[in-house]
Structure formats: C-alpha cells, structure tokens
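See structure below.
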Amino acid sequence: MPVAIGLIDANNFYASSEKVFDPKLSGRPVVVLSNNDGCVVARSAEAKQIGIGMGAPVFEVRSLIDRYGVEVLSSNYSLYADMSWRFQTVLEDFSPDIEHYSIDEVFMKMPLSSGRTLVETGREMRRAVGALTGIPVSVGFAETKTLAKVAIEHAKKSRKAGGVVDLVRSPYTDVALERLPVADVWGVGFRYAGMLEKQGIRTALDLKHADDNWVRKKMTVVGLRTVYELRGIQCIPFEPTPKAKQMLCVSRSFGARTGSLREIRAAVAFFTAKAAEKLRRNGLVAGRLTVFVATDRFKDDPQYSGSHTVSVAPKSASTIELMELAQRALEKAHRHGFLIRKAGVMLGDLELAGKAGGRLWEQDRYELHCRLMLAVDELNEKYGDGCIRYGVFPDAGVWRTKFEMRSPSYTTDWSQIMTAH
DNA sequence: TCTGGGGTCCTAGGACCC
DNA sequence: TCTGGGGTCCTAGGACCC
C-alpha cells in the first residue's frame with residue numbers, strides 16, 4: 001500500500017503550553033526565555049507579529065517588550081516535556097507508525113487508501129489534539145520528510161490552508177518550492193544559505209534543480225540528500241525506534257564570569273552529578289569523559305576555550321568515579337588568568353550497562369556503588385533535586401543559572417498544581 | 001635528497017537540527 | 001549590566017601498520 005510521510009508540529013510550542021494553563025495570556029504576546037533568561041527561544045503568534053525575533057537577546061528587544069506589554073517567562077522544561085508527551089500520545093491513534101522526532105514534532109507514516117483524504121485526516125488530528133491538550137498543531141503531508149517540512153511551512157503561513165497542507169503527488173509542489181526561500185529548507189542552515197544565495201540559488205525550487213556534483217562538493221552527501229528529498233526521493237529514513245545515544249552532555253553558561261578555580265570545580269562537580277544521573281536513568285555506562293571550559297565570547301576579555309578528555313576504564317555510571325575523573329580532566333582543561341563563563345561535562349562511548357561486562361577486580365565495590373547511586377537518585381526524585389549530593393558544590397555560586405520568571409510546573413509537581421478560587 | 005600504495009583508527013572542526 | 005543547551009553526522013588530516 002502506498003504510504004505518505006506526515007509531519008505534525010506544535011505551533012509556538014513553549015508559548016502555547018504556557019497559554020494552556022494561564023488564561024490571562026490568551027490573545028497576548030508571550031515569549032519564553034532560554035537558561036539564564038538570556039535569549040528568546042519561543043514566541044506566541046502575537047509576539048512574532050510585533051517583530052520579536054527568534055533567538056534575540058532579551059536586552060535587545062526590551063523596548064518592544066515594554067511597549068507592547070509582552071509576557072516574559074523563563075523556560076519550564078518539565079511542563080513542556082509533559083505537554084509534549086500528551087499531544088504526541090493523542091496522535092498515536094492516527095497511525096501505529098510514529099517517530100517522536102523532537103519535543104514539538106512527530107513524523108508519521110500514513111496509509112493512502114483509507115476512506116478519507118489526508119487533508120481530512122490532518123484536520124481531524126488538529127481537532128483531537130486541540131480538544132484533548134489545548135495545543136494548536138500544523139500538519140504537512142508529502143513523499144519525503146524534507147517535502148513534509150515544506151508542506152508544513154506553508155500550512156503555518158497560509159490562511160487558506162487552515163493548518164493542513166498535502167503535497168503528495170500534488171501539481172503544486174513546485175509552486176510551494178518556488179515560494180520557499182532556500183534558507184527555510186530543512187538541512188540548509190545559516191552558512192549554506194549564504195553560500196547558495198551567492199550562487200543564485202534563492203528558492204527551494206532552485207536547490208531542487210541544482211547540479212548534483214556541485215552540491216556534493218559544496219555541501220557533502222548530507223546536502224545532496226536534501227536535494228534528492230526535494231525531488232521526492234526518500235534519503236532520510238523514517239525511524240520509529242529511537243537510536244541508541246552516543247553521547248550526552250551537561251553544560252551551562254554561568255550567571256556571571258568567574259576566575260576562581262574553586263567555583264569552576266563546584267560547577268563541574270554539579271554537571272558531573274547531573275550527567276551521571278542521566279546515564280543511570282538511561283541504563284548506560286560511559287567510556288570517555290570530557291570537561292570543557294570557555295570564556296565569554298561576547299566580551300573583550302582575553303578569550304580561552306579548553307577541553308580535556310579522559311577514558312573511563314572500566315566503563316562506569318558511578319558519580320563517585322566520574323567525579324574523580326572530571327576533576328582531573330578539569331585540571332588539564334583549565335588555564336589560570338581567564339574569566340570563565342561556561343563549562344560542561346560530556347560523556348561518550350556510551351553502552352548499555354548490561355552489555356559492558358563485569359570488572360576484573362573490585363566488582364563488589366562497584367555493585368555497592370550502583371545500589372547507593374540508585375537510592376540517591378530515588379531520594380532526589382522524591383524529595384527534590386539536590387536533597388542528597390556528592391562532595392561539595394555550594395548552593396550559591398556565580399555559576400548557578402538564573403530563572404527569575406518561571407511559571408509553575410502545573411502538571412509535574414504536586415506543590416505547584418493549579419488551584420481554583 | 002629523492003622516494004610506494006593501501007588500509008585503519010582517531011580526533012578536531014564544521015555543518016546542521018530542535 | 002544583559003547573548004541557551006543538547007544532540008547528530010561528515011570530512012580532512014595525522015598516526016600508525018604492512
């Protein structure tokens with residue numbers, strides 16, 4: 001049976017999630033900020049309309065915020081993760097073949113021969129998700145993922161489309177491509193867009209007809225795949241089961257710069273504990289650990305960025321063992337005399353804990369470690385993050401991230417549940 | 001000083017995504 | 001004063017081997 005790719009994407013997802021729970025945000029411009037309340041990472045339709053750009057630093061759009069009374073919120077990831085789970089679960093009723101692509105998007109394989117048209121199915125999806133979660137979504141259908149992205153771009157922009165566009169075997173595909181600036185093609189980022197425009201390739205349609213060899217040379221096989229996908233040839237696979245993680249990373253910009261190695265140590269200890277928790281939550285062990293530090297690239301300060309990688313042998317998910325290695329790696333990565341603004345811990349060579357095999361010695365001690373860690377993870381989950389910690393990382397410190405405008409975690413924390421008056 | 005071919009593995013850096 | 005975090009994939013180049 002012929003199959004189409006469907007793409008369902010939540011509109012302004014973070015801002016929409018906030019609106020679901022706070023009626024006074026309705027009809028108002030809303031923006032959600034990144035960590036440290038630094039940049040705008042999500043905007044409601046009203047906020048887009050008054051010209052607040054994606055990724056804009058808050059201080060640059062301050063005057064717009066004040067002039068229009070924009071609601072400004074720190075990001076609340078536990079709320080968004082929960083809302084994401086909700087709306088994606090509703091969609092599972094429409095096809096068993098679903099790829100949970102990102103927090104606000106799913107790809108689905110849609111059979112073509114059922115009673116109703118894809119556009120009708122898309123409208124039904126919007127209705128169901130809206131009714132059950134309050135989240136508005138857009139829907140696009142096409143022969144490939146890249147074309148489904150094209151479809152959804154138009155679904156979002158066109159009033160006539162009503163939130164759903166179907167480009168499967170459509171005579172309008174080339175029209176849709178011609179109306180799409182090349183920079184808006186999935187897989188074409190800031191750099192490639194500049195390079196392509198210089199070559200006179202300005203629209204998605206131009207890119208579709210670009211010379212294969214030239215594209216291969218300038219944009220590697222990755223770019224060539226995009227071009228093929230625009231031609232309707234599937235190159236980017238549909239992946240219903242998520243791939244095994246290869247790497248995980250915990251990093252933050254600090255609330256302020258610091259030259260104190262003591263403070264950086266505390267930050268790295270905190271990141272390591274977080275990263276190790278993530279490992280255990282996923283049932284993984286790590287074989288490599290990297291610590292990196294960097295100065296503030298927006299300042300005139302002397303710039304430095306350094307990293308150091310150590311191998312973790314035998315592979316481990318023990319916070320205690322990783323902490324030790326991380327501090328050693330930090331010694332190597334760090335250089336005195338610079339004001340550090342950002343640091344992080346990356347874990348690589350990940351493997352399922354069960355597969356990694358036993359240890360030649362001290363197996364007993366490691367197993368004891370694991371049981372202790374699991375107990376600590378549980379307590380932290382139950383009684384709040386950081387209720388039990390390893391070693392010393394002080395509560396206060398310039399490296400702590402700021403969240404000064406966070407909305408309540410309505411759906412994931414009993415103490416913050418909504419109350420009706 | 002000139003001077004092979006072919007293969008693997010690793011790393012750093014650059015591009016992209018949400 | 002104020003500029004996010006967490007990922008993937010590909011390529012080039014170096015080290016090393018026969």
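By convention in this document, chain letters (A, B, ...) are assigned in the order of the sequence lines, proteins followed by strands, and residues within each chain are numbered from 1.
Ile103(A) places its CD1 atom 9 Å from the C1' atom of dC18(B), with the value rounded to the nearest Å. Rounded to whole Å, the distance from CD on Gln246(A) to P on dT11(B) is 14 Å. Remark: C1' of dT11(C) and CZ of Arg216(A) are 9 Å apart, rounded to the nearest angstrom. Between the CD1 atom of Ile236(A) and the P atom of dC16(B) there is a distance of 14 Å, given to the nearest Å. Summarising the geometry, the separation between NZ on Lys217(A) and P on dG14(B) is reported as 20 Å, rounded to the nearest angstrom.
An OP1 or OP2 oxygen of dG6(C) is reached within less than 4.0 angstrom by a side-chain nitrogen or oxygen of Ser251(A). Within the structure, a side-chain polar atom (N or O) of Lys243(A) is placed less than 4.0 Å from OP1 or OP2 of dC9(C). Between Lys274(A) and dG5(C) there is no side-chain polar atom (N or O) within less than 4.0 angstrom of OP1 or OP2. Between Ser253(A) and dG5(C) there is a side-chain polar atom (N or O) within less than 4.0 angstrom of OP1 or OP2. Taking side-chain N and O atoms only, Arg288(A) has no distance below 4.0 Å to OP1 or OP2 of dC10(B). Taking side-chain N and O atoms only, Lys342(A) has no distance below 4.0 Å to OP1 or OP2 of dT3(C). For dC10(C), one of the phosphate oxygens OP1 or OP2 lies less than 4.0 angstrom from a side-chain nitrogen or oxygen of Arg225(A).
Nearest heavy-atom pair across Pro29(A) and Ser44(A) is CA-OG, 3.5 Å.
Rounded to the nearest Å, the gap between the C1' atom of dC17(B) and that of dG4(C) is 15 Å.
A donor-acceptor contact shorter than 3.5 Å is absent between the side chain of Asn36(A) and the backbone of Gly38(A).
For Val221(A), whose side chain is taken as the heavy atoms from C-beta onward, the closest listed nucleotide among dG4(C), dT11(B), dT11(C) is dT11(C). Considering only side-chain atoms of Ser34(A), the nucleotide from dC18(B), dG6(C), dG4(C) that sits closest is dG4(C). Here the nucleotide nearest the side chain of Thr220(A), chosen from dG6(C), dC9(C), dT11(C), is dT11(C). Considering only the side chain of Met247(A), dG7(C) comes nearest among dT11(C), dG4(C), dG7(C). Side-chain proximity of Cys39(A) to the nucleotides dG4(C), dC16(B), dT8(C) is greatest for dG4(C). Closest to the side chain of Phe298(A), out of dC2(C), dG4(C), dG6(C), is dG4(C).
Side chains of Asn12(A) and Lys48(A): a donor on one and an acceptor on the other come within 3.5 Å.
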Open item on the list: Arg280(A) vs Thr319(A), test: side chain to side chain donor-acceptor pair (under 3.5 Å). Steps then yes/no.
Closed with: CA-CA 10 Å; Arg280(A) 295 192 291 268; Thr319(A) 303; 2.8 Å; yes
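At a threshold of 4.0 angstrom between heavy atoms, the contacts of Arg341(A) are confined to the sugar-phosphate backbone, with no base atom among them. At a threshold of 4.0 angstrom between heavy atoms, the contacts of Lys218(A) with the nucleic acid are absent. Counting non-hydrogen atoms under 4.0 angstrom, Arg62(A) reaches nothing in the nucleic acid.
Taking the six-membered ring where tryptophan is involved, the planes of Tyr101(A) and Phe107(A) are perpendicular, since the angle between them exceeds 60° and thus also 30°.
Geometrically, Arg359(A) engages Tyr366(A) in a cation-pi contact, judged by NZ or CZ lying under 6.0 Å from the ring centre and within 45° of the ring axis.
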